[in-house]
Peer 1: 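Structure incoming, see below.
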Amino acid sequence: MNSLLNTPTDPFVDGYAAIKPLLDIEGLPFFSSLREQAIRSYQEFGIPTRRDEEFKYTSLRALQEKKFKFGFGANVDREDLVNFTLGLIEAFTVSFVNGQYAPELSSHDHLPKGTYVGTASEAPTELHGAIEAQFGKIASLQGRLGSTNDERFVALNTAYLGEAAVVYIPKGKTFGQPIHLQYITSDVSNGTYSTPRVLIILEENAEAKVIESFVTLKGFGFTCPVTEVRLAASARLEHTRYQDESLDSTHVSNTYIYQETKSIYTSNNINFGGEVARNDINAFVDGEYCETWLNSANVGLGNQVIDNHTRIDHAKPNCQSFEVYKTILKDKAEGVFNGKIFVYEDAQKTDAKQTNQAILLSPTATMNTKPQLEIFADDVKCTHGATIGQLSEDALFYLRARGVEKSRAESLLVYAFAAEVLEKIQVPAVKDALEARLFDKLA
Amino acid sequence: MLTISNLHASVEEKEILRGVNLTVKAGEVHAIMGPNGSGKSTLASVLAGKSDYDVTEGSVDFDGKDLLELDPEERAAEGLFLAFQYPVEIPGVTNTYFLRSAVNSIRKYRGQVDISAKDFMALVKVKAAMMELDPSMLSRSVNEGFSGGEKKRNEIFQMAVLEPKLCVLDETDSGLDIDALKVVANGVNALRSPERATLVITHYQRLLDYIVPDFVHVLVDGRIVKSGGKELAFELEAKGYDFIKEELAAKA
C-alpha cells in the first residue's frame, strides 16, 4: 500500500528505527522483543480510515496530518499541578510528562508492605516474574470471538513502549489510599505523542482504587495509552479514568481487564477533553460469580468527537455486568457508543445489562450508538437500551413547579444527567473535583 | 384567593374539564373528591401549569393574577404549590441543592436576596424533623430510591420549606399506610393558617379524617356536581359515587 504514490507514508513507522534504541533503555529488558513484534503488527494495519469497521464514525486523520513528534521530557513544576482537576488530590501518585516518568511530580514512597506502586524498572526483582507473566498478555484479542477485532493501537503503544507504571497488590491486602497515575502532556514540538502503559495486578482478595488522569499543560498531543488489569479471585478494583486533554488533542486508549472468579471490576470512564477521544474498554470475564460495572460520563462541545467502544466477554457462567454510558453533546460535537457483549456457550445464567443514553443540546450535535450482543448460551438475561434525546419533560416540569426558572432547570438537569455517573466514584475527593469540573465544563 | 370560572381543558383533543367553577378563600380547606377519570388530577395539573393540557375556555384568578398566563415557575413564585401524585425522581440532583435552587429562584422573583447557606440549613432541619424525615435523605438525589411513603413525605416537606399561599395536594394519600398518612396529615395541618388555603384532591374519604375540610366538592365528568360540608365526604364513603350519578340521572 505504502508504495502507491498517493498513499501517504505512516509517520509512526517512518521514524521508528531512530527512536527504538532510545526506547530500549527504558522499562524492563523483556520489553525490547515486545517492541519489535509490535511495530511489525502495527505496520500491517497503519492508521485506520473510516473504511475500517471499528473506526467507522471517527476520523483519525489528525494522526496523519498533524505530524506529531515522539515526546521527550519537558519541565513541569509542582506548582503547575494546580491547573489539573485531580492534580492535588491526596493519593499515591506516579506522574509522567510526555510519557516520561516524572519523579519530581510523584509521591509513592512508604508503600504498605508487599504492595508496589511505581515504574516497571524500579519494581523489586521478586515482582519481575509476575510482571513478565502478565505484561502484554491481557491486552490481546487473539483467538477471541468477533469478526472486526482491531488491535492496531495496542500494537502502536507497545512498539513505542518506554517506561511503564505498575500497581501490584498482594493477596488479601486492601490498599486504602487512592492510587493516582497522572499523564501530563506539555507540548514541546507542536504536537507531541506519548504511549503510556500501565499494568495493574490485584492478587486474590486484594482491593484497590486506581485513578488514571490524562491532561494537557500546554499545546496539544496524541496520547495512546494501554492499561492492563488482572484481577485474581475475589479481587476488587475501582478504576477511574479521567481524560481532559486540550481541545486540539487526540486520545486513543485501550483498557483490557481479565477477571477471575468472584472478582469485582468497576470502571468509571470520564471524558471531557480531546478533539478526538477514542476509548476501548475490553473486559474478559473468565471466572464464575464476577461483577463488571462499566460507568461513563462524556461531555462534548464545539467540534469534539467522543467515541467509546466497550466489550465484555462473558466466558463463564453466573456473572453479572452492568453498563451505563452517558453522553452530553452540544454544538457540532459527535458521540459514538459501541457496546459489545459476547456470552460464550458455557456462560449460562449470565445477567448483562447495558444502557446508553445521550442528550443532544443542539440540532447539529450527533450521536451514533450501536449495541452489539452476541449470545451463544441459552439461559441468559441480556438487556440493552439506548435513548438519544432531550431532557425529561416530567423532571423539567417538577423543577419548574417548585419555582426553578426554565433555563436554570434545564442546566441543572443536564448537569445531573452526567453527575449521576460521577456520584458513584468511591474516592470522595475525586468525585467532588470531577463534579466541580463538570459544572464548569457545562457553564 | 382562587377563583376558577367555567374552566374547560382537554388533552389530545379530548375534553376532560367541562366547566369547573370553584372559589377558595384564604384560611379555607377544600376537598375535591370524585371517581377515577372524573378530571381531579387534570384540575391539579392545569392549576400548576403542565403543558400537556390545553385550556380551551374559562379563567383562573389567583390573588388578582391571571394564573393561566403564568409559567409554572411564576405560579410557584406567586405562592402556588402542587404536591404531586407521582413525585419525579431526579438522579444526580440532591434534595438540598434542589430545594435551595427553588427557594432562591422564588426569592429572586420576589426581589429578595439569596438565603444564606446557614439560614437555609437551619430552616431545612426544622422542617425535616417536623416531617420525620431522616436528615441523610437531604444529601440523596431527589426522590431516587425513595419508598412511596417517603416520596409523599418529601412533597409535604418541600411544601413546608416553601410556605406557599395555596397548597394543592393531588392524591397525596395514594399508596400510604396509616402511619405515613398521619405524618403527612400532621404536616399539612401544621401549615394551616388564616393566610393559607388548601385544596385536597382525593378519591377516598380516609385522608379527610386527618385533614378536616371546610368544604367538599364532588367532581364528575369534568364538572363539580355537588358541594357541601365535611359530612358530604362521609356520605360518599358510605354510599359510593353511584348515588351522585343516580341523583344526576334523576334530575336530567
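We name chains A, B, ... by the order of the sequence lines, and we start the count at 1 in each one.
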Peer 1: Check A:Ala416 against B:Val93 and note the closest heavy-atom contact, atom names and distance.
Peer 2: CB-CG2, 3.2 Å
Peer 1: Quick check on B:Glu144 against chain A: is it the side chain, the backbone, both or neither that has a heavy atom closer than 4.5 Å?
Peer 2: side chain
Peer 1: Kindly compute the distance separating CG (A:Leu412) from CD1 (B:Ile90), expressed to the nearest 0.5 Å.
Peer 2: 7.5 Å
Peer 1: Got a donor-acceptor contact below 3.5 angstrom from the A:Arg402 side chain to the B:Leu82 backbone?
Peer 2: yes
Peer 1: Are there more than 12 heavy atoms of other residues, nucleotides or ligands under 6.0 Å from atom NZ of A:Lys424?
Peer 2: yes
Peer 1: Could you go through the ring pair (Phe, Tyr, Trp, His ring centres under 6.0 Å) check for A:Phe397 and B:Phe84 one step at a time?
Peer 2: CA-CA 11 Å; A:Phe397 177 64; B:Phe84 281 57; 5.7 Å; yes
Peer 1: Given B:Phe98 and A:Tyr398, is the ring pair (Phe, Tyr, Trp, His ring centres under 6.0 Å) satisfied, shown in steps?
Peer 2: CA-CA 11 Å; B:Phe98 163 63; A:Tyr398 190 69; 5.7 Å; yes
Peer 1: Give a yes or no on whether A:Tyr289 atom OH has more than 12 heavy-atom contacts from other residues, nucleotides or ligands under 6.0 Å away.
Peer 2: no
Peer 1: If you round to the nearest 0.5 Å, how far is NZ of B:Lys50 from CD of A:Glu393?
Peer 2: 8.5 Å
Peer 1: Is it the case that more than 12 heavy atoms not belonging to A:Glu90 sit under 6.0 Å from its CD atom?
Peer 2: no
Peer 1: Is it the backbone or the side chain of B:Tyr109 that comes under 4.5 Å from a heavy atom of chain A, or both, or neither?
Peer 2: neither
Peer 1: Using a cut-off of 6.0 Å, state whether more than 12 heavy atoms not belonging to B:Tyr86 lie near its atom OH.
Peer 2: no
Peer 1: Which atoms of A:Leu422 are under 4.5 Å from chain B, going by heavy atoms: the side chain, the backbone, both sets, or neither?
Peer 2: neither
Peer 1: Measure from the side-chain N and O atoms of B:Glu73 to the backbone N and O of A:Ala401, and report whether any donor-acceptor pair falls under 3.5 Å.
Peer 2: no
Peer 1: Could you grab the distance from atom CG of A:Asp394 to atom CG of B:Asp52, nearest 0.5 Å is fine?
Peer 2: 7.5 Å
Peer 1: Considering residues, nucleotides and ligands other than A:Lys262, do more than 12 of their heavy atoms fall under 6.0 Å from its NZ?
Peer 2: no
Peer 1: Side chain from CB out, backbone as N, CA, C, O: work out which of these in A:Glu405 comes under 4.5 Å of a heavy atom of chain B, or both, or neither.
Peer 2: both
Peer 1: In terms of heavy-atom pairs under 4.5 Å, which option from A:Ala419, A:Ala395, A:Ser392 contacts chain B the most?
Peer 2: A:Ala395
Peer 1: Nearest 0.5 Å, what's the NZ-CG distance between A:Lys406 and B:Asp71?
Peer 2: 8.5 Å
Peer 1: Rounded to the nearest 0.5 Å, what's the gap from CZ on A:Arg408 to OG on B:Ser101? Could you check?
Peer 2: 4.0 Å
Peer 1: Look at atom NZ of A:Lys353 and say whether more than 12 heavy atoms of other residues, nucleotides or ligands are closer to it than 6.0 Å.
Peer 2: no
Peer 1: Answer yes or no: are there more than 12 heavy-atom neighbours, outside B:Lys108 itself, under 6.0 Å from its atom NZ?
Peer 2: no
Peer 1: Around atom NZ of B:Lys65, are there more than 12 heavy atoms of other residues, nucleotides or ligands at under 6.0 Å?
Peer 2: no
Peer 1: What part of B:Val103 gets within 4.5 angstrom of chain A, counting heavy atoms only: side chain, backbone, both, or neither?
Peer 2: neither
Peer 1: Counting heavy-atom pairs under 4.5 Å with chain A, which one of B:Ala76, B:Ser51, B:Pro87, B:Ala77 comes out on top?
Peer 2: B:Ala76
Peer 1: Against chain A, work out which of B:Ala48, B:Gly49, B:Ser105 has the most heavy-atom pairs shorter than 4.5 Å and name it.
Peer 2: B:Ser105
